[in-house]
Amino acid sequence: MTPDVGSASEARPNILATVAAPVIAVVNQKGGVGKTTTAINLAAAMTEVGHPTLLVDLDPQANSTSGLGFDPARARRNVYHLLTGQASIQEVVHPTSVEGLSLVPSHIDLAGAEVELASMPERERLLRTAMSTPLAGVEIVLIDCPPSLGLLTLNALVAATSMLIPTQSEYFALEGLRHLMYTHQLVRARLNPKLAIAGILITQFDARTTLAWDVLEAVRRSHPHHLLETLIPRNVRISEAPSHGKSVLEFDPTCRGAVAYRALAKELLER
């Protein structure tokens with residue numbers, strides 16, 4: 001059954017508490033690097049090991065929303081209402097089919113939000129302010145960012161305590177990584193001095209190719225303290241899972257992709 005919530009009056013978890021959860025922004029301005037796939041599956045893996053997680057879909061494409069079985073076109077309270085002050089964080093959190101995993105869905109309306117947000121006071125802090133109420137029963141918050149370094153991504157980085165950077169094992173990903181690390185420095189200097197780097201994650205890794213190993217070694221040389229040991233492999237089951245509205249951990253719990261995302265969750269928790 002598709003998990004869907006159509007109105008604010010339907011049951012939602014009580015999320016008021018006194019301790020704020022760490023917020024991890026899953027970010028890369030380059031598309032196709034496995035950012036949304038990582039956000040969905042890491043959220044599921046964190047929940048599976050006993051850490052209830054909230055996934056915030058900040059991407060107008062709403063792929064995290066559809067990837068968890070929600071219809072992005074359906075009218076419901078979503079992250080657009082949160083950013084524009086039309087709804088509180090309590091009103092936009094929706095339970096998913098995974099026990100302990102909640103979602104703040106996205107909507108196509110978010111595509112025009114940057115124009116609206118640009119004229120608002122403290123526009124780069126809107127998400128941080130909206131999420132300032134701690135979330136009871138939520139131990140980790142993940143934010144799936146758009147594939148750009150615009151105002152929406154900036155809001156995520158200002159709201160986050162750390163950033164996780166999925167990087168495809170290809171040459172052009174290295175160029176994008178340099179720009180993203182520079183952006184991290186700017187955000188720390190001007191807007192969020194506590195923003196850390198949770199890690200650089202190599203995705204779509206094909207151990208059969210020399211290029212994949214070369215890129216891995218290049219990232220290891222340039223960012224030895226940030227490169228995560230976990231490698232996310234190319235795995236068809238990871239690609240198939242979103243079409244069923246499930247994480248790969250639900251879709252095929254024993255496949256290589258599911259095993260890798262469990263390892264990623266463990267590594268991040270140990271860090």
Side-chain angles (χ1 to χ4, degrees), residues 1-15 21 23-27 31 34-48 51-84 86-113 127 130-131 135 137-147 152-153 155-156 159 166 237-253 257-258 261:
M1 174 184 250
T2 299
D4 218 338
V5 181
S7 68
S9 62
E10 295 179 65
R12 291 197 181 86
N14 175 16
I15 59 171
V23 180
I24 303 173
V26 184
V27 57
K35 176 181 55 60
T36 295
T37 298
T38 293
I40 293 173
N41 292 308
L42 178 59
M46 289 291 193
T47 302
E48 184 180 85
H51 296 276
T53 300
L54 173 66
L55 176 57
V56 180
D57 189 354
L58 201 60
D59 189 345
Q61 298 177 80
N63 289 333
S64 281
T65 300
S66 61
L68 284 173
F70 289 73
D71 178 3
R74 180 170 174 176
R76 66 169 70 82
R77 295 287 187 176
N78 55 63
V79 73
Y80 171 79
H81 300 101
L82 181 66
L83 288 171
T84 56
Q86 300 176 51
S88 67
I89 185 67
Q90 294 90 341
E91 295 174 310
V92 297
V93 173
H94 301 272
T96 72
S97 62
V98 179
E99 184 177 357
L101 175 57
S102 302
L103 173 73
V104 175
S106 186
H107 191 273
I108 191 63
D109 287 349
L110 191 59
L127 183 60
M131 295 178 60
L135 312 175
V138 171
E139 297 184 12
I140 297 169
V141 178
L142 295 175
I143 304 175
D144 182 18
C145 299
L152 291 173
T153 297
N155 263 266
R237 306 302 272 173
I238 293 178
S239 301
E240 291 172 345
S243 65
H244 296 267
K246 296 180 179 181
S247 72
V248 73
L249 284 79
E250 292 178 276
F251 183 63
D252 189 345
Y261 277 109

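Just so it is clear, the values below take in all heavy atoms, side chains as well, and ignore hydrogens, waters and symmetry mates.
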> Kindly compute the distance separating NZ (Lys246) from CG (Asn41), expressed to the nearest 0.5 Å.
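Nearest 0.5 Å value for the NZ-CG distance: 13.0 Å.
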> So, applying side-chain hydrogen bond (donor to acceptor under 3.5 Å, both in side chains) with Thr36, which one of Asp144, Asn63, Thr65 is it?
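Between Thr36 and the candidates, side-chain hydrogen bond (donor to acceptor under 3.5 Å, both in side chains) is satisfied uniquely by Asp144.
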> Using side-chain heavy atoms (C-beta onward) and a distance below 4.5 Å, is Val79 in contact with Asp57?
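Counting from C-beta outward, Val79 and Asp57 never come under 4.5 Å.
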> Could you give me the CA-CA distance, side-chain angles and deciding distance for Glu250 and Ser97, then say whether side-chain contact (heavy atoms from CB on, under 4.5 Å) is met?
CA-CA 10 Å; Glu250 292 178 276; Ser97 62; 3.5 Å; yes
> Output the distance between atom CG (Leu127) and atom CG (Leu58), rounded to the nearest 0.5 Å.
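Leu127 CG to Leu58 CG: 6.0 Å, rounded to 0.5 Å.
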> Ignoring hydrogens and angles, state whether a donor on the side chain of Ser247 or Tyr261 is under 3.5 Å from an acceptor on the partner side chain.
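Result is no, nothing qualifies.
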> Give a yes or no on whether the backbone of Arg77 and the side-chain of His94 come within a donor-acceptor separation of less than 3.5 Å.
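Side chain of His94 to backbone of Arg77, a donor-acceptor pair under 3.5 Å: yes, one is there.
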> Would you mind reporting whether Lys35 and Asp59 have side-chain heavy atoms less than 4.5 Å apart?
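Asp59 vs Lys35: side chains touch.
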> Where do Leu101 and Ala43 come nearest, in terms of heavy atoms and distance?
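Smallest heavy-atom distance, with atoms named: CD1-CB, 3.7 Å.
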> Working to the nearest 0.5 angstrom, can you tell me the gap between Ser239 OG and Phe251 CZ?
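Output value for this atom pair is 10.5 Å.
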> Please tell me if the side chains of Ile143 and Leu55 come closer than 4.5 Å, counting only heavy atoms from C-beta onward.
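They are not in side-chain contact.
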> Rounded to the nearest 0.5 Å, how far does OG1 of Thr47 lie from CD1 of Ile140?
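Between atom CD1 of Ile140 and atom OG1 of Thr47 there are 8.0 Å.
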> Quick one: does any side-chain atom of Thr96 pair with a main-chain N or O of Ser102 as donor and acceptor, under 3.5 Å?
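No.
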> Is it the case that the side chain of Thr53 and the backbone of His51 share a donor-acceptor pair, with hydrogens and angles ignored and the cut-off at 3.5 Å?
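Yes: the side chain of Thr53 pairs with the backbone of His51.
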> Minimum heavy-atom separation for Glu91 to Gln86, with atom names?
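Of all heavy-atom pairs spanning Glu91 and Gln86, the closest is OE1-O, 4.5 Å.
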> Got Leu103 and Val93 here, is their nearest side-chain heavy-atom distance under 4.5 Å?
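No; the side chains remain at least 4.5 Å from each other.
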> Checking His244 side chain against Ala241 main chain: does a donor-acceptor pair fall under 3.5 Å?
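Between the backbone of Ala241 and the side chain of His244 there is no qualifying donor-acceptor contact (under 3.5 Å).
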> Could you report the tightest heavy-atom contact between Pro166 and Val27, atom names first, then the distance?
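Nearest heavy atoms, Pro166 then Val27: CD-O, 3.6 Å.
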> Apply side-chain contact (heavy atoms from CB on, under 4.5 Å) to the pair Val141 and Val56, showing each step before the final yes or no.
CA-CA 7 Å; Val141 178; Val56 180; 4.0 Å; yes
> Applying the side chain to side chain contact (heavy atoms under 4.5 Å, CB included) test to Leu152, which of Ser106, Cys145, Pro60 qualifies?
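Between Leu152 and the candidates, side chain to side chain contact (heavy atoms under 4.5 Å, CB included) is satisfied uniquely by Pro60.
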> Ignoring hydrogens and geometry, is there a side-chain-to-backbone donor-acceptor pair from Asn78 to Pro105 under 3.5 Å?
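No: the side chain of Asn78 does not pair with the backbone of Pro105.
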> Decide if the gap between the ring center of His107 and the ring center of Tyr80 is smaller than 6.0 angstrom.
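Here the rings of Tyr80 and His107 have centres that are no less than 6.0 Å from each other.
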> Below 4.5 Å, heavy atoms only, C-beta onward: do Pro72 and Ile108 meet side chain to side chain?
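Pro72 does not reach Ile108 side chain to side chain.
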> Roughly how far apart are Met131 CE and Asn155 CG, rounded to 0.5 Å?
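One finds 11.0 Å between CE of Met131 and CG of Asn155.
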> Which heavy atom of Leu82 sits nearest to which heavy atom of Ser88, and what is that distance?
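Scanning both residues, the minimum pair turns out to be CD1-C, 3.8 Å.
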